[in-house]
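Worksheet: one structure, shown below.
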Amino acid sequence: MTDTQQKLDWYRRMLEIRLFEDKVQELFQQGLIEGTTHLCQGQEAVCVGAMAALRPDDYLTVTYRGHGHAIARGLELETLFAEMMGRSTGCCGGVGGSMHFTDFSRGLIGAFAIVGAGLPVAVGAALSAKLQGEDRVALTFFGDGTTNIGTFHEALNMASVWSAPVVFIIENNLYGEYSPVRVTTPLDDLAERARAYAIPSVVVDGQDVAAVHAAVQEAVDRARGGDGPSLLEMKTYRYRGHSRTDPAKYRVPGELERWKERDPITLLGAALDLPEDEQRAIRTELQARIDDAAARAAEAPYPTLEETRDYVYAS
Ligand SMILES: Cc1ncc(C[n+]2csc(CCOP(=O)(O)OP(=O)(O)O)c2C)c(N)n1
Ligand SMILES: [Mg+2]
């Protein structure tokens, strides 16, 4: 793939995630989605750039803010809509919902609603690959707030002493729920925390998909080559509130607008010099696919009572 083709591919993927989540919001307001949703709009460059550095047999864990990662990893839109609508054709049979987009066949071995829970799982997956002599790596995505949770520190420490092939990716979107990172965390750069565990780290412009990709590729290559873990801090921003009911009134005035000036999709569109009509055509095509996937998902049946019991009791 040429450099331009790769970037065009990233552009399409990021826009697909953006439009998918607009649709999620719409379906939620129509009462078609059960539970809750946590949108990653504004942060699309992180998941798209990172995923392009992985092999199909690598592992990853994500959080409840995982729609973008699942799409970037190639999960079908219809199965994701169906999962959120609680239908049996969803990626977890409709019993997981928006916070639990997983697919073992694609190495997506967990999406965790418990803050920090994905990190030790990724370290375990990486360690298992190492012990079996495979050169698979694990990526784990989590937020800025997670770096204050015990499992963050335990996972980094273990990964370092065992030289596990794992890449820790902080999505620093400046907030943990409704608290700004500056009042919860005594550091400007969370990447500094890696030094306590002798892990190499870097701060990355999380709005620039090419910069994300380059940094993750370097860390993945290091892990695959036997040189152990890395920590990457992506500076990014979420456009919506923490979850579906949060109007995000706690933001500093002008902050959202300032971040939108460096929107990852707009930035890449400008770098590619994509003509207006071409951008419009891509958007129209993606929107049609998204609408179609959502409509098909809504026609699928709910799981039967017996099927739901399968996930609760051992047979
Ligand atoms: C162990 C635990 N504590 C608290 C919560 C409630 N909670 C859900 S999301 C969240 C904020 C996490 O912030 P961050 O790690 O920055 O991720 P972001 O939501 O910004 O992507 C909290 C405190 C939880 N789910 N799990
Ligand atoms: Mg956060």
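The minimum heavy-atom distance between Ala82 and Thr89, with the atom names listed, is CB-OG1, 3.3 Å. Heavy-atom minimum distance, Ala155 versus Pro120: CB-N, 4.1 Å. The two residues Met14 and Pro264 have their closest heavy-atom pair at CE-O, 3.6 Å. For the pair Tyr311 and Gly93, the tightest heavy-atom approach, listed with the atom from each and the gap, is OH-CA, 4.3 Å. Across all non-hydrogen atoms, the minimal contact from Arg244 to Gly35 is NE-O, 3.3 Å.
Looking only at distances, no side-chain donor or acceptor of Thr61 sits under 3.5 Å from a matching main-chain atom of Thr140. Formation of a donor-acceptor pair under 3.5 Å by the Glu34 side chain with backbone atoms of Gly97 is not found in this model. Checked by atom type and distance alone, the side chain of Asp144 pairs as donor or acceptor with a backbone atom of Asn173 at under 3.5 Å.
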For the pair Gln287 and Asp291, evaluate side-chain hydrogen bond (donor to acceptor under 3.5 Å, both in side chains) and give the outcome as yes or no after the intermediate values.
CA-CA 6 Å; Gln287 190 65 58; Asp291 291 345; 3.1 Å; yes
Can you list the steps and then say if His38 with Ser98 is a side-chain hydrogen bond (donor to acceptor under 3.5 Å, both in side chains)?
CA-CA 8 Å; His38 301 77; Ser98 157; 5.2 Å; no
Thr236/Gln207 under side-chain hydrogen bond (donor to acceptor under 3.5 Å, both in side chains): CA gap, chis, key distance, verdict:
CA-CA 6 Å; Thr236 185; Gln207 304 309 94; 2.7 Å; yes
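With sequence neighbours left out, Lys7 forms a salt bridge (charged side-chain N to carboxylate O under 4.0 Å, His left out) with Asp3. In this view, Arg222 and Glu218 satisfy the salt bridge (charged side-chain N to carboxylate O under 4.0 Å, His left out) rule, not counting sequence neighbours. Partners of Glu78 according to the salt bridge (charged side-chain N to carboxylate O under 4.0 Å, His left out) rule, which considers only residues two or more places apart in sequence or in another chain, are Arg296.
By the criterion of side-chain heavy atoms lying less than 4.5 angstrom apart, applied directly or through intervening Ile, Leu, Val, Met, Phe, Trp or Tyr residues, Ile199 is not grouped with Val216; the two fall into different hydrophobic clusters. Criterion: ILVMFWY side-chain heavy atoms under 4.5 Å apart, direct or through other members. Under it, Ile17 and Ile169 are part of a common hydrophobic cluster. Under the 4.5 Å side-chain contact rule for hydrophobic residues, Phe168 and Val204 do not share a cluster. Cluster annotation: Val46 and Leu15 are assigned to the same hydrophobic cluster (Ile/Leu/Val/Met/Phe/Trp/Tyr, side-chain heavy-atom contacts under 4.5 Å, transitive). Cluster annotation: Phe142 and Met99 are assigned to distinct hydrophobic clusters (Ile/Leu/Val/Met/Phe/Trp/Tyr, side-chain heavy-atom contacts under 4.5 Å, transitive).
Of the options Arg73, Gln217, Arg136, a side chain to side chain contact (heavy atoms under 4.5 Å, CB included) to Leu54 is made by Arg73 and by none of the others. When the options Gln41, Arg251, Glu171 are evaluated for a side-chain hydrogen bond (donor to acceptor under 3.5 Å, both in side chains) with Tyr237, the one that passes is Arg251. The side-chain hydrogen bond (donor to acceptor under 3.5 Å, both in side chains) with Thr185 is formed by just one residue from the set Thr147, Asn172, Asn148; it is Asn148.
Of the inter-residue distances, the one linking Cys91 atom SG with Met84 atom CE reads 9.0 Å to the nearest 0.5 angstrom. To the nearest 0.5 angstrom, Glu192 atom CD is 11.0 Å from Leu231 atom CG. Between the CD1 atom of Ile282 and the CG atom of Asp277 there is a distance of 10.0 Å, given to the nearest 0.5 Å. One finds the CG atom of Asp58 at 11.0 Å from the CE atom of Met51 (value rounded to the nearest 0.5 Å).
More than 12 non-hydrogen atoms from other residues, nucleotides or ligands lie less than 6.0 angstrom from CZ of Arg55. Around CG of Asp188, the count of heavy atoms belonging to other residues, nucleotides or ligands within 6.0 Å does not exceed 12. Enclosure of atom CE in Met158 is not indicated, since only 12 or fewer non-hydrogen atoms of other residues, nucleotides or ligands lie within 6.0 angstrom.
The pair Lys23-Glu26 meets the salt-bridge criterion, since a charged nitrogen lies less than 4.0 angstrom from a carboxylate oxygen. A salt bridge between Asp208 and Arg262 is absent, with no side-chain N of the basic residue lying under 4.0 Å from a carboxylate O of the acidic one. A salt bridge links Arg289 and Glu16; the closest N-O separation between the charged side-chain nitrogens and carboxylate oxygens is under 4.0 Å.
Ring geometry, Tyr250 versus Tyr175: the interplanar angle falls from 30° to 60°, so the pair is classed tilted.
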